[in-house]
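First up is the structure itself, then whatever we jot down about it.
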Amino acid sequence: MSTDLNEAQLKAGAAAAEGMAAPVSPLGGIFNVENVSKIGSLILLALLAILPITVYLFSSFQIHTEAGAVGFTLSNYVRTFTQPKILSAIWNTLIIAFGTAFFSSIVGVALAWFHARTDMPLRGIMEPLTLIPFFLSSFLGAIAWWALAAPRTGMLNRWMIDLFGLSGPPFNIYSMTGIVMVLALFYIPYMYLFTIGSLNRMDPALEESARVCGTGVLRTALRVTIPLSTPAILSGAIIIFVVSLMLIAVVGLYVQRKIVAPRSYVTVTGKGFRPHRVSLGNWKYAAMALNLLYILMAVILPLGALFLASLNRAWLGGFRWSQLSFYNWDFILFSYDYAIDAMKNSLSLGFIGGFMTVVLCTFLSMVILRGKNRKLSSVVDYVSTLPIGVPGLVMGMAFLITWINTPLYSFPLFLLMLAYMTRYLPYGLRTITSVLQSLSPELEESSRVCGATFLGTIRKVTVPLLRPGIFAAYLMLFIMFIRELPVSALLATEDSTPMAVALYVISENEALGVVSAFALVQAVLLLIGTVIFRRLGNIEKLSV
Amino acid sequence: MAEVVIENLVKRFGQDALAVDNISFTVREGEFVTLLGPSGCGKTTTLRCIAGLETPNEGDILIGGELFTSSAKGICLPPEKRHLGMVFQSYAIWPHMSVAENVAYGLQAQRTPRAEITERVKKALDLVGLEGLGDRNATKLSGGQQQRVSLARALAYNPRVLLFDEPLSNLDAKLRERMRLELANLVKELKITSVYVTHDQAEAMVMSDRIIVMKDGRIQQEGNPHATYNEPANSFVADFIGVANIMEGKAAEGDSASGVWVEIPDLGARLLCSSGAREGVQAGADVLITVRPEYILLAENGAADQNRLEGEVREAVYLGETWDCLIQVKDYSLRVHVRGDAELRPGQSVSMAISPAKCVLLKD
């Protein structure tokens, strides 16, 4: 082919191209729907995550006087780190965080594996029960376990003493073990949720081939199934550690990047496969027993304790039939305006805020996993994980400092919602990315080649395939938003008080009965929300 | 149906990783062209650039005379505006849709009327031999059937060009062999311009009108299967496609009418080579030559104009139709394919004849 002909063709091509729709011009190439939506989500991310934290960091180097912020100084830090009380608090926190992450990872992954991959009996009934602690705030757990296992007044302690004639109380919730136990009980479902998505979507052939190679059930689980879910498990464990640590753990995040990123974890391709469960033999009853014990400790005992307490107007360390009364319930549901407004606020935060966060998370996960620019992807991934390392109180404070003098502050509920979005973005993002990671990009690419646009592909291919992940994320966010305490404690105004703050205020001011009733209302609302989400998520169950 | 023109295509991943290194080629209307090469040679990247799934760093892509990609002009049409069909290695069947919904997808994206969609989906499924399976769940089908769904999906909306990214590599050998022919016949019957990527040379041979052999992001050779096999351009192509004896030698004299005489020290012999890169060869130049094993004939009395060699059988493996043997000629073990009706045993002395037309001078 001669060069002349090529040039002619190039010109003809260019002429044809000019006649076509906008996306072919250089500018149109940048400002198409795809880029605008991606860039939009990046700008939002920067506004939400980076700006407040930066402002907050700057103010930590300043001394605030009546005249305003002054100079640049390290004295705030020096004062913090030279107080022995603070140092020992940091040390205790580290121990608690590590213990919590360790125990909740082991139990949570085991339970997820039982439910996703084995023939453990009663799975259908036990799954929702296993997840219930996730809806209950650990604050509620603390109230419940205080009622159960406080050395002198705890219900469990009293029963044990009466039943076995013990000389002293067997349980003490005011110990390091007690704290780790209660926290672990309430973080186990996190681990479960982080892992289950990836286990559910794994090709059983991967396990079966290991079994055929002569590996036993347990070994296959430990050597194949669990390692293939490493991204999910590691992110989960690190998130739990950091959450319970409540420190800016940039180091932890860095480790996560290094360990999780480099391998390929694509376990779902366009090839279909049939689900198959591992048979545990008689061990399935042991698995069931472990699961039941967990449900007893994390659900039945605490909720039972709260329920009994809510039925006595005055609480004297044990339930008395003679004092049976529905006063607490009547009060909370019908006459206590403060509590009722709090319920309304929390529900709108959960439904609307949760939805906005899920949309943002979906776009961000696509930028991270499907973006062509690897540097940008890793920066976005890193930045959107940052809020995990920021304790809720700090996040609340950062939002307060950043926005207090802006018009945004006159919409306290909206500001609260933005702060929630920021703080819980990483959780939603992890859930969605772990599913997206296991989807072959070719599924989306083939849609584009077939003539579907960027948004059309998202609507008809990506979102339907991500559906389990998206609903899991929405559900998780809904629950977290309804339980959220630290951010709200700083940002909520009289009119925008959510339930968790109200629960705290009520627990300071009212009797255990009222507190228990309100805590149970919160639990029931969360349960109803959960049922709704699960229904929606399962309308079209994925046939993988 | 359209011509594909690739001009000076360059694609880098990151700073240094050069996946495609300035390649140009043309696929004529209705032609079936295969990009063949080992993994990492840039063939899939090239295909993805054509599809619009990758944006090249340099170069132009024209399809049917329209400029689809031009880095100089800042043009890169998104995949959905290109009206191409693509069949992926993993099939990329959407698990949440039925077979018919998968196939109808491209038509729906183009807002085809519903009645026409039903008709064309049926036609596409009939074409690939999946009559009546439209309502099935696509992921419940076998691998071969899934690949057919994938093909039907790409064919349903009459794309300008069909792109294949190693579509048969996930199938078992028997099925792969059958699908090869079926696919090639179907595509040729429909006269759709096709670009096919594979690392399987047999696949490339069977299916293609023309093969483009690639290595390290560059084109090594371009030609029809016959020419590519019989006159490989360099030692990489000779070795990658089929089996080749490659020998080092020195040109005894310059190119003449009958060919180039090459002195080969390992064989202790001179061979007259009349194929390949003869032009401009100077006396005394270092050259590489190649001979295919099946063109070396056992002969007691070969014709006078043929190259003659004497050797001793070292190994002989009987394959039925042929013997695959190694014959030691001085310092070189010559791979030779002998007709199956010959009697051979190790240690036997044989004489061989090679036609000069089968001795190919290589470019490197």
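Hydrogens, waters and symmetry mates play no part in the numbers below; they use all other heavy atoms, side chains included. Throughout, a chain's letter reflects where its sequence line sits, starting with A, and its residues are numbered from 1. This structure is a prediction, so every number in the text was calculated from the model and none was measured.
- Taking each heavy atom of A/Leu443 and B/Ile93 in turn, the nearest pair found is CD2-O, 3.3 Å.
- For the options B/Gly85, B/Ala109, B/Ala51, heavy-atom pairs under 4.5 Å to chain A are most numerous at B/Ala109.
- The minimum heavy-atom distance linking B/Tyr105 with A/Ser447 is given by the pair OH-OG, 2.7 Å.
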Open item on the list: Under the criterion side chain to side chain contact (heavy atoms under 4.5 Å, CB included), I'd like the reasoning laid out for B/His96 against A/Arg467: C-alpha separation, chi angles, the key distance, then a yes or no.
Closed with: CA-CA 10 Å; B/His96 59 299; A/Arg467 200 179 182 119; over 6 Å; no

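- When heavy atoms are compared at a cutoff of 4.5 Å, B/Gln147 does not approach chain A at all.
- Within the 4.5 Å cutoff, the side chain of A/Glu442 has heavy atoms near those of the B/Asp165 side chain.
- Other residues, nucleotides and ligands place more than 12 heavy atoms under 6.0 Å from the CZ atom of A/Arg123.
- Heavy atoms of other residues, nucleotides or ligands lying less than 6.0 angstrom from CG of B/Asp172 number more than 12.
- Residue A/Lys375: no heavy atom, backbone or side chain, is found under 4.5 Å from chain B.
- Residues B/Glu80 and A/Arg448 approach most closely at OE1-NE, 2.6 Å, considering heavy atoms.
- More than 12 heavy atoms of other shown residues, nucleotides or ligands fall within 6.0 angstrom of atom CZ in B/Phe13.
- Side-chain contact check for A/Glu445 versus B/Pro79: every heavy-atom pair is 4.5 Å or farther apart.
- If you measure heavy-atom distances from B/Tyr157 to chain A, the contacts under 4.5 Å come from the side chain alone.
- For the atom pair B/Met97 CE and A/Leu465 CG, the distance stands at 7.5 Å (nearest 0.5 Å).
- Around CZ of B/Arg176, the count of heavy atoms belonging to other residues, nucleotides or ligands within 6.0 Å exceeds 12.
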